[in-house]
2 protein chains.
Amino acid sequence: MATIREVAKLAGVSVATVSRALNQNGYVNEHTMKKVQAAIQELDYRPNDVARTLFKGTSNMIALFVPDIMNPFFPELARAVEDTANKAGYTFILCNTDNNQEKETQYLHTLLQKTVGGVVMVSSSIASETLNKIQVPMVALDRKIPNLTSITANNYDGAIEAVRYLQKIGCKRIAHISGPKDTTSAVERTTGYLEAIKNEEWFSNDFIVEGNYTFEGAYQATKRILQERPEIDGVFAANDLMGVGVLKAAEELNLRVPKDLSVIGFDGIELGKFANPTLTTMGQPIYEIGKRAAEIIIEQIENKDSNMDSEQYTAQLIRRQSTM
Amino acid sequence: MATIREVAKLAGVSVATVSRALNQNGYVNEHTMKKVQAAIQELDYRPNDVARTLFKGTSNMIALFVPDIMNPFFPELARAVEDTANKAGYTFILCNTDNNQEKETQYLHTLLQKTVGGVVMVSSSIASETLNKIQVPMVALDRKIPNLTSITANNYDGAIEAVRYLQKIGCKRIAHISGPKDTTSAVERTTGYLEAIKNEEWFSNDFIVEGNYTFEGAYQATKRILQERPEIDGVFAANDLMGVGVLKAAEELNLRVPKDLSVIGFDGIELGKFANPTLTTMGQPIYEIGKRAAEIIIEQIENKDSNMDSEQYTAQLIRRQSTM
DNA sequence: AGGGTTTATGTAACCCGTTACATAAATGTT
DNA sequence: AACATTTATGTAACGGGTTACATAAACCCT
């Protein structure tokens with residue numbers, strides 16, 4: 001790889017002039033510019049980004065923390081962040097944290113040593129002491145994190161709408177498969193469910209079971225609850241992955257969906273379209289949200305503007321075959 | 001962030017000594033070591049990785065090129081590469097190429113400017129001239145690339161086994177939903193299909209339709225072919241995503257799977273378990289393959305050993321509900 | 001013509017680790 | 001005791017950009 005000094009030599013100018021020509025700052029004579037460009041072309045010169053980063057003290061890299069990219073909710077988010085970062089000239093780093101606090105801290109330190117530009121975080125577990133100690137632009141995505149700007153769906157309203165929709169289509173006993181209690185989105189969705197059923201006299205706490213946001217968790221939980229309470233005719237799963245788990249459990253118990261049981265999920269991931277029957281859901285604008293988080297982190301990086309407002313996006317009902 | 005010079009000052013030694021203490025290099029007196037460690041602790045010093053990288057000329061970053069992380073085949077691969085890279089002290093960069101040659105070239109140049117350590121590539125489109133010009137360790141994953149070590153499944157044998165299995169369970173007319181013709185895995189799977197049915201007198205070319213490795217593509221293709229040739233009683237889809245598309249098309253045409261139609265996919269992704277009915281498939285050891293690719297790239301980076309042999313992993317039949 | 005401004009370019013310090021080389025004390029060998 | 005080897009540490013160059021500062025020619029204005 002050619003260096004700026006080789007370019008300077010070939011063009012017969014100093015490295016400072018080449019640098020100025022490259023970055024279009026300071027004065028460069030038109031004729032000199034041409035000589036420099038010719039030399040750059042000749043040598044196929046590309047500036048070493050590491051040297052640049054060392055001097056600037058910050059790199060054009062953006063990291064995304066997700067619990068696990070294998071959870072089908074995250075690829076779309078990752079894609080959105082990557083696209084947006086890429087378009088703005090940033091390189092995209094992906095970190096799977098497994099909701100593990102040590103891993104998160106470890107990753108943050110590693111990234112800090114690389115002077116990463118900013119971090120977009122999907123996390124339920126990040127230690128706030130770590131967060132306070134670490135000086136790098138951060139934004140919370142999908143889940144709220146204290147003291148950080150967050151981009152999320154309006155989970156509470158979405159959950160209410162989901163349950164009201166089940167009520168509207170005639171469900172009389174509506175169960176809720178909830179997500180992990182340490183995850184803000186899951187808690188908000190459960191709170192929404194509670195709000196929507198608060199006046200129903202049939203309700204008791206065992207209409208809520210924890211499915212851990214996983215297919216398997218929801219599958220097991222649903223089998224249990226449907227056997228204990230066969231009167232259930234509607235299920236609000238706190239995410240689509242669990243919604244598909246509910247479908248599987250229903251199938252296994254020979255319940256016809258939506259005839260015997262209506263199922264609604266949350267998120268609007270592709271999986272819902274692949275399922276059989278297709279899954280009704282409260283769709284959030286996933287790509288949009290990821291894109292927005294990336295935009296904000298870039299804004300923070302480039303303008304040091306760290307006091308941005310949090311944003312909430314409305315979820316929209318997507319009617320499919322699992323309800324009718 | 002503290003620098004090595006501050007540590008040196010606080011410990012009352014030179015930066016060289018601190019560096020040696022850090023890297024357990026050269027001689028460092030026991031007592032000096034303690035002073036240095038105390039200073040490091042005191043200042044919470046962490047070496048700047050950018051400076052290190054600049055000097056060394058190569059960074060501890062590994063990139064993975066995939067067409068699109070939203071395709072459910074890739075997250076597991078990405079996870080495997082990330083885990084392996086991470087464990088070995090490398091940072092993981094994800095690049096979505098959309099099979100776009102320009103994007104690939106663009107990414108490669110960007111990474112080169114960051115002196116990336118190595119690149120793991122899932123690609124059908126990478127330009128060989130780009131490849132030859134670029135001096136960085138690379139390995140091909142899932143798809144073969146000329147002149148690169150590749151880690152793949154044995155697609156040919158797997159495809160033969162898939163079709164033979166359909167034949168064994170009684171299918172008399174077996175269609176094939178193929179993948180893109182520029183993708184080595186797809187071509188090999190089609191070749192395997194052809195090998196397995198070569199002695200069947202019913203065969204003609206219109207038993208093969210292209211589904212582009214996508215759900216939607218397979219869904220459309222299947223609807224078309226099943227209407228044209230209602231005698232079809234078995235489908236070999238070249239990947240699971242298309243297998244699920246076949247299931248959906250069958251459902252829509254009121255064909256019962258597996259009673260009227262048996263369906264087998266390829267890959268063994270999670271999606272197959274979520275589907276209804278669950279999808280029989282030729283499962284490849286996805287995580288294993290990704291992990292192995294990462295190991296090889298690390299081996300190449302650390303030992304400059306670029307002449308590694310390609311490896312092929314056998315696919316295994318996973319019987320589920322879509323065949324019987 | 002004299003002074004101020006703009007244009008143009010070069011020199012060298014700087015970012016922060018790593019390491020070749022120099023120096024010297026401590027230890028070992030015959 | 002004389003010399004070789006090992007241990008210990010410091011100085012300074014280096015990697016490859018960026019930019020503050022210095023210098024000077026060209027241009028503008030009154």
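Only a predicted model underlies this, so the values are computations on that prediction, with no experimental measurement involved.
Under the 4.0 Å criterion applied to side-chain N and carboxylate O atoms, A:Arg79 and B:Asp98 are assigned as salt-bridge partners. Here B:Arg292 pairs with B:Glu295 in a salt bridge; the nearest charged N to carboxylate O distance falls below 4.0 Å. A:Lys9 has no carboxylate O lying under 4.0 Å from a charged side-chain N of A:Glu6, or vice versa, which leaves the two without a salt bridge.
Per the geometry, CG belonging to A:Asn25 stands 15 Å off P belonging to D:dG17, to the nearest Å. Atom CZ of A:Arg46 is separated from atom P of D:dG17 by 13 Å (rounded to the nearest Å). Distance A:His31 NE2 to C:dA8 C1': 14 Å, rounded to the nearest Å. In this structure, the CD atom of A:Glu30 is 13 Å from the C1' atom of C:dA8, given to the nearest Å. Counting to the nearest Å, the P atom of C:dA12 and the CZ atom of A:Phe55 are 17 Å from each other. Atoms CE (A:Met33) and P (C:dA8) sit 10 Å apart, rounded to a whole Å. Put simply, CD1 on B:Ile4 is 11 Å from P on C:dT19, counting in whole angstrom units. The distance from atom NZ of B:Lys35 to atom P of D:dT9 is 7 Å, rounded to the nearest whole Å.
The side chain of B:Asn48 places no N or O atom within less than 4.0 Å of a non-bridging phosphate oxygen (OP1 or OP2) of C:dG17. For D:dA8, the OP1/OP2 oxygens have no side-chain nitrogen or oxygen of B:Tyr27 closer than 4.0 Å. Within the 4.0 Å cut-off from OP1 or OP2 of C:dA8, not a single side-chain nitrogen or oxygen of A:Thr32 is found. Distances shown here put a side-chain N or O of A:Lys56 below 4.0 Å from the OP1 or OP2 atom of D:dT19. Dashed line: the shortest gap from a side-chain N or O of A:Asn23 to OP1 or OP2 of D:dT18 is under 4.0 Å. Remark: B:Ser19 is not in phosphate contact with C:dG17, judged by side-chain N or O atoms under 4.0 Å from OP1 or OP2. For A:Ser14, no side-chain nitrogen or oxygen approaches OP1 or OP2 of C:dT11 to under 4.0 Å.
One donor-acceptor pair, N or O on each side, does fall under 3.5 Å between the base of D:dG17 and the side chain of A:Arg5. The base of C:dG10 sits with one of its N or O atoms less than 3.5 Å from a complementary donor or acceptor on the side chain of A:Arg20.
Looking at heavy-atom distances under 4.0 Å, A:Val13 makes contact with sugar-phosphate atoms alone, never a base. Residue contacts shown for A:Asp49 are absent, as no nucleic acid heavy atom lies under 4.0 Å away.
Each of B:Val15 and A:Leu22 has a nearest nucleotide on DNA chain D; the 5'-most of these lies closest to B:Val15. When the nearest nucleotides of DNA chain D are assigned to B:Val28 and B:Leu54 by heavy-atom distance, the more 5′-ward of the two goes with B:Val28.
Checked by atom type and distance alone, the side chain of A:Asp182 never pairs as donor or acceptor with a backbone atom of A:Ser124 at under 3.5 Å. Side chain of B:Thr32 to backbone of B:Val28: no donor-acceptor contact under 3.5 angstrom is found.
Closest to the A:Ala16 side chain, of the nucleotides D:dG15, D:dG16, C:dT11, is C:dT11. In this structure, of C:dG10, C:dA20, D:dT18, it is D:dT18 that holds the atom nearest to the side chain of A:Arg52.
Only one option out of A:Asp142, A:Ile151, A:Val81, A:Thr152 pairs with A:Ile289 in a side chain to side chain contact (heavy atoms under 4.5 Å, CB included); it is A:Ile151.
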